[in-house]
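Below is one structure, written out as structure tokens; comments come after it.
Order of the sequence lines fixes the chain letters, A, B, ..., with proteins taken first and strands second; residue numbering starts at 1 for each chain. Computation of the quantities below employed the complete heavy-atom set of this structure, encompassing side-chain atoms and omitting hydrogens, waters and symmetry-equivalent molecules.
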Amino acid sequence: MPELPEVEVTRRRIEPLLVGRTIQRVRTTADSYFFLTPPAKLRQKLRGRRVTALDRHGKYLLASLDDESRLLIHLGMTGQLFSAGASSVRLLRKTGRAALAPESQRAFKPDEHTHFALAFDDGGPDVLFRDVRKFGKLALLPAGESDPRLDKLGTDALAADGALLFAASRRRRIPIKTLLLDQSVLAGAGNIYADEALFVAGVRPTRRSARVTRREADAIIAALHRVLLRSIETGGSSISDYVQPDSSDGAYQDERRVYAREGEPCSLCGAPIRRLVIGQRSAHYCAHCQR
DNA sequence: ACCGCACCCTGAGCGC
DNA sequence: TGCGCTCAGGGTGCGG
């Protein structure tokens, strides 16, 4: 799933398919912890609502509705938000990455992992939310109400600067990698881009946060901006489940320098990329280039 | 306040 | 073919 670039690419693709349209019917799967708002309530409250905006906050998407309520969406690890009319080949196949000829592609039919489907009164394509692992989240926020998940978010990773990271890192014993993943500090960085940014900045992911210098904090944020923006440009990563909401797979995975490249030669020095576990997540780095 | 860990869920890939 | 194991862009909640 999706980290900030994948969520932002999704937002840009889905916005024109959502904003200005009026919801006619909502289909959901059975209640589960995926639904922060019970699905029966979603089906009832969303009918007849017009979508007025789609915004991103860190890895969350927030759809504004014409009655001032808001729909909060998180894609979790395997969430996919896409148009039923133009789905990815990847969605249609259980395994394999071979491309099908365009003429053999067809519209995606909602399956048991499609937990949420919006049909609109204009008869155009449905918007679907599919999530195999159900780590995603869906909540309807009534007019004037927020959500603790949103309130807790720190500065968006693209808006943050080195001073912010440096301040947050003081007197913290956790590895800098773990700090980068803390959404209450920086909102939007995830496992891929944290590893990539630390490589570009030349800082080892295990470094205690309190031992990161101000200069390094600047370098980490500059590197983070660079990898996030480059990934947005190329349509995001698609390691396994992520697909662009309209069709093709993202291309950023071809530009990864360390993530999921254990044992491969470092692109700068040739030393083998190492992998270790930090905070229950895998971390990848070059022991020669990152200190 | 901070930190580490268990847990939520499903599927792919690997060694045997 | 199948079994058992590990791993996966996420986050929350608990106890120490």
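Atoms CG (A/L138) and C1' (B/dC9) sit 17 Å apart, rounded to a whole Å. When the P atom of B/dC5 is taken as reference, atom CD1 of A/I278 falls 13 Å away, rounded to whole Å. Taking atom CG of A/D131 as the reference point, atom C1' of C/dA8 lies 13 Å away to the nearest angstrom. The CZ-P distance, from A/R256 to C/dA8, rounds to 12 Å in whole Å. Whole-Å rounding puts the A/I174 CD1 to B/dG4 P distance at 7 Å. Between the CD atom of A/Q80 and the P atom of C/dA8 there is a distance of 19 Å, rounded to whole Å. Going from atom NE2 of A/H113 over to atom C1' of B/dC9 covers 10 Å, rounded to whole Å. Between A/L75 atom CG and B/dC9 atom C1' there is a gap of 16 Å when expressed in whole angstrom units.
When ring centroids are compared, A/F129 and A/H115 stay outside the 6.0 Å threshold. A/F135 has its ring centre no less than 6.0 Å from the ring centre of A/Y33.
Of the nucleotides present, none pairs with C/dT1 by Watson-Crick or G-U wobble criteria with both distances under 3.5 Å. Judged by Watson-Crick or G-U wobble contacts below 3.5 Å, the nucleotide C/dG15 has B/dC3 as its partner.
Minimum atom distance to the side chain of A/R275 is reached by C/dC7, of the listed B/dT10, C/dC7, C/dG11. Listed nucleotides C/dT12, B/dT10, C/dG11 differ in distance to A/R133; the shortest reach to its side chain belongs to B/dT10. The side chain of A/Q280 lies closest to B/dC5 when the candidates are B/dG11, B/dC9, B/dC5.
Put simply, A/L165 and A/V200 are part of the same group of oily side chains (I, L, V, M, F, W, Y) that touch within less than 4.5 Å, one to the next. Linking Ile, Leu, Val, Met, Phe, Trp and Tyr residues whenever their side-chain heavy atoms come within less than 4.5 Å places A/V26 and A/L140 in a single cluster.
Around the CZ atom of A/R47, the shell of radius 6.0 Å holds no more than 12 heavy atoms that belong to other residues, nucleotides or ligands. Atom CZ of A/R173 sits in a sparse spot, with 12 or fewer heavy atoms from other residues, nucleotides or ligands closer than 6.0 Å.
Qualifying side-chain hydrogen bond (donor to acceptor under 3.5 Å, both in side chains) partners for A/T22, counting only residues two or more places apart in sequence or in other chains: none.
Across the P atoms, B/dC9 and C/dC3 are found 23 Å apart, a figure rounded to whole Å.
Distances shorter than 4.0 Å separate some side-chain N or O of A/Q183 from OP1 or OP2 on C/dG11. One finds no side-chain N or O of A/T178 lying less than 4.0 angstrom from the OP1 or OP2 phosphate oxygen of B/dC3. Contact check, A/K137 against C/dG11: no side-chain N or O comes under 4.0 Å of OP1 or OP2.
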Name every donor-acceptor pair, under 3.5 Å, that has one atom in a side chain of residues 283-291 of chain A and the other anywhere in the protein, sequence neighbours excluded.
{"residue": "A/H284", "atom": "ND1", "partner": "A/D195", "partner atom": "OD2", "Å": "2.7"}
{"residue": "A/H284", "atom": "NE2", "partner": "A/A260", "partner atom": "N", "Å": "3.4"}
{"residue": "A/Q290", "atom": "OE1", "partner": "A/C286", "partner atom": "N", "Å": "2.8"}
{"residue": "A/Q290", "atom": "NE2", "partner": "A/L198", "partner atom": "O", "Å": "3.3"}
{"residue": "A/Q290", "atom": "NE2", "partner": "A/V203", "partner atom": "O", "Å": "2.9"}
{"residue": "A/R291", "atom": "NE", "partner": "A/H288", "partner atom": "O", "Å": "3.3"}
{"residue": "A/R291", "atom": "NH2", "partner": "A/H288", "partner atom": "O", "Å": "3.3"}

Which side-chain N or O atoms in residues 179-189 of chain A pair as donor and acceptor under 3.5 Å with protein atoms at least two apart or in another chain?
{"residue": "A/D182", "atom": "OD1", "partner": "A/S184", "partner atom": "N", "Å": "2.9"}
{"residue": "A/D182", "atom": "OD1", "partner": "A/S184", "partner atom": "OG", "Å": "2.7"}
{"residue": "A/Q183", "atom": "OE1", "partner": "A/G188", "partner atom": "N", "Å": "2.9"}
{"residue": "A/Q183", "atom": "NE2", "partner": "A/L181", "partner atom": "O", "Å": "3.1"}
{"residue": "A/Q183", "atom": "NE2", "partner": "A/A189", "partner atom": "O", "Å": "2.9"}

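Contacts between residues 165-173 of chain A and DNA chain C, defined by a heavy-atom separation below 4.0 Å, involve no residue at all. The stretch residues 30-42 of chain A touches DNA chain B through A/Y33, each having a heavy atom within less than 4.0 Å of the strand.
The side-chain ring of A/F135 is stacked on the base of B/dC8, judged by centre separation under 5.5 angstrom and plane angle under 30 degrees.
Sequence neighbours left out, the pairs with a member in residues 151-168 of chain A that pass side-chain hydrogen bond (donor to acceptor under 3.5 Å, both in side chains) are A/R56-A/D156, A/S146-A/D151.
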